[in-house]
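See structure below.
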Amino acid sequence: MQNQRSATAQIFLLIMTIAGWFALSAQLYLIILNRVTSVPEAIIRYFGFFTILTNILVTTCCSVLLLKRKSKLNDFFSSAKTLTAIALYITVVGLVYNLILRFLWKPEGLQLLVDELLHTVIPVSFIFFWLFFVPKAKLQWKDIFPWLLYPFGYIIFVLIRGAFAGYYPYPFIDVTKLGYNKVLLNSGMLVVVFVIFSLLYVGTDRYLKKQTADFY
């Protein structure tokens, strides 16, 4: 049973690793191909999307766990706290895109495939991975606070860079169109979303309480 569980987990990791690196590479290619600015600026903008940064985090995590090599990096990514934080981030990526951003444009061809992978397939896959393969009963309510550092840091970075570059990766944080008051309100609402889903993940962990075998 344990061997079967471990094999299934490895399949999940393999699929997410392949899908992740393909989608990230393809998105970089598309951003450079369809750029309206210089190549260096296009690349900087590519790494300025929360979606891209979070999918890099997910894909790196899956790649490290798939290799199963003993290292500090493996210890970090195999931690239930780290895996839950990553699940939280990719959940919000999928949620925001599918509820808000999806209706703002109509991608086609390769861009459509990439969008579905980054915003739907990978988020859903990682959520299922967390549910079935990440050891439970290992989280505490206080773990929520460190998890918020990443989205907080991202918002601060985007606002500072936007003030100098005049570019904002998402319409709901575009200061040039909305102004700081509206953007700060939107950012506050986004933080609330992170808090709610943090509570949901910890609550789910505490509710299940059944210790799952460590397949690493």
Side-chain angles (χ1 to χ4, degrees), residues 11-67 77 85-130 150-178 183 186-187 190 193-194 197:
I11 292 173
F12 261 85
L13 291 171
L14 178 61
I15 291 173
M16 288 189 288
T17 297
I18 294 173
W21 290 125
F22 167 78
L24 289 166
S25 301
Q27 185 61 73
L28 178 59
Y29 163 76
L30 289 169
I31 282 183
I32 294 175
L33 180 67
N34 301 315
R35 69 186 185 279
V36 292
T37 183
S38 65
V39 172
E41 176 63 19
I43 294 174
I44 291 173
R45 292 184 181 184
Y46 168 81
F47 287 104
F49 285 95
F50 190 81
T51 294
I52 296 299
L53 295 175
T54 304
N55 271 279
I56 289 175
L57 185 60
V58 169
T59 308
T60 301
C61 173
C62 292
S63 301
V64 170
L65 298 183
L66 186 63
L67 293 175
F77 281 120
I86 295 174
L88 165 66
Y89 305 145
I90 201 64
T91 297
V92 176
V93 165
L95 185 71
V96 171
Y97 181 82
N98 285 288
L99 293 183
I100 301 175
L101 302 177
R102 176 181 289 278
F103 310 102
L104 301 181
W105 72 324
K106 294 182 179 180
E108 299 178 348
L110 180 59
Q111 184 65 73
L112 176 60
L113 173 61
V114 168
D115 269 24
E116 294 302 329
L117 288 173
L118 294 176
H119 299 105
T120 304
V121 175
I122 293 174
V124 170
S125 297
F126 200 86
I127 291 169
F128 273 99
F129 179 80
W130 182 87
Y150 170 44
F152 262 125
Y154 175 80
I155 291 172
I156 293 171
F157 165 76
V158 167
L159 293 180
I160 292 176
R161 184 176 191 277
F164 290 97
Y167 172 79
Y168 300 88
Y170 297 105
F172 52 83
I173 53 174
D174 190 339
V175 174
T176 58
K177 293 182 179 180
L178 301 177
V183 167
N186 290 343
S187 299
L190 192 59
V193 171
F194 275 103
F197 277 90

Item to check | Step-by-step side chain to side chain contact (heavy atoms under 4.5 Å, CB included) determination, F47 to I56 | outcome: CA-CA 10 Å; F47 287 104; I56 289 175; 3.7 Å; yes
Item to check | CA sep, side-chain torsions, deciding dist, call: F126, L13, side chain to side chain contact (heavy atoms under 4.5 Å, CB included) | outcome: CA-CA 9 Å; F126 200 86; L13 291 171; 5.9 Å; no
Checklist entry - Please walk me through it: do L117 and V114 pass side chain to side chain contact (heavy atoms under 4.5 Å, CB included)? => result CA-CA 5 Å; L117 288 173; V114 168; 5.6 Å; no
Item to check | side chain to side chain contact (heavy atoms under 4.5 Å, CB included) evaluation trace for R161 with I44 | outcome: CA-CA 11 Å; R161 184 176 191 277; I44 291 173; 3.2 Å; yes
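Residues M16 and L65 form no side-chain contact, since every pair of their non-hydrogen atoms from C-beta on lies 4.5 Å or further apart. Between I100 and L95 there is no side-chain heavy-atom pair separated by less than 4.5 Å. You'll find the side chain of I173 stays beyond 4.5 Å of the side chain of I155, heavy atoms only. For the pair I11/L14, no side-chain contact is recorded, criterion being any heavy-atom separation below 4.5 Å from C-beta on. No side-chain heavy atom of Y46 sits less than 4.5 Å from a side-chain heavy atom of I32. Proximity of L190 to V92: side-chain heavy atoms (C-beta onward) are separated by under 4.5 Å at one or more points. Contact check for P123 versus V58: no side-chain heavy atoms found under the 4.5 Å cut-off. Side-chain atoms of D115 and Q27, non-hydrogen and from C-beta on, do get closer than 4.5 Å to each other.
A distance of 9.0 Å separates CG in L113 from CG in L118, rounded to the nearest 0.5 Å. In this structure, CD1 in I122 is found 4.5 Å from CG in N55, a value given to the nearest 0.5 Å. C61 contributes atom SG, which lies 11.0 Å from atom CG of L66 (distance to the nearest 0.5 angstrom). Residue I52 holds its CD1 atom at 14.5 Å from CZ of R45, rounded to the nearest 0.5 Å.
Among all heavy-atom pairs drawn from S63 and T17, the shortest one is OG-CG2, 3.3 Å. Nearest heavy atoms, V158 versus G48: CG2-O, 4.3 Å. The two residues P151 and Y89 come nearest to each other via the heavy atoms CD-CE2, 3.9 Å. Heavy-atom minimum distance, N98 versus F103: O-CE1, 3.4 Å. The nearest pair of heavy atoms linking A42 to T37 is N-CG2, 3.8 Å.
Ring-plane geometry between F12 and F129 is classed as tilted, the angle between the planes lying from 30 to 60 degrees on a 0 to 90 degree scale. Aromatic ring pairs are classed by plane angle as parallel below 30°, tilted from 30° to 60° and perpendicular above 60°; the pair Y97 and H119 is parallel.
When each of Y154, F152, Y170 is tested with F50 by the rule ring pair (Phe, Tyr, Trp, His ring centres under 6.0 Å), just one qualifies, namely Y154.
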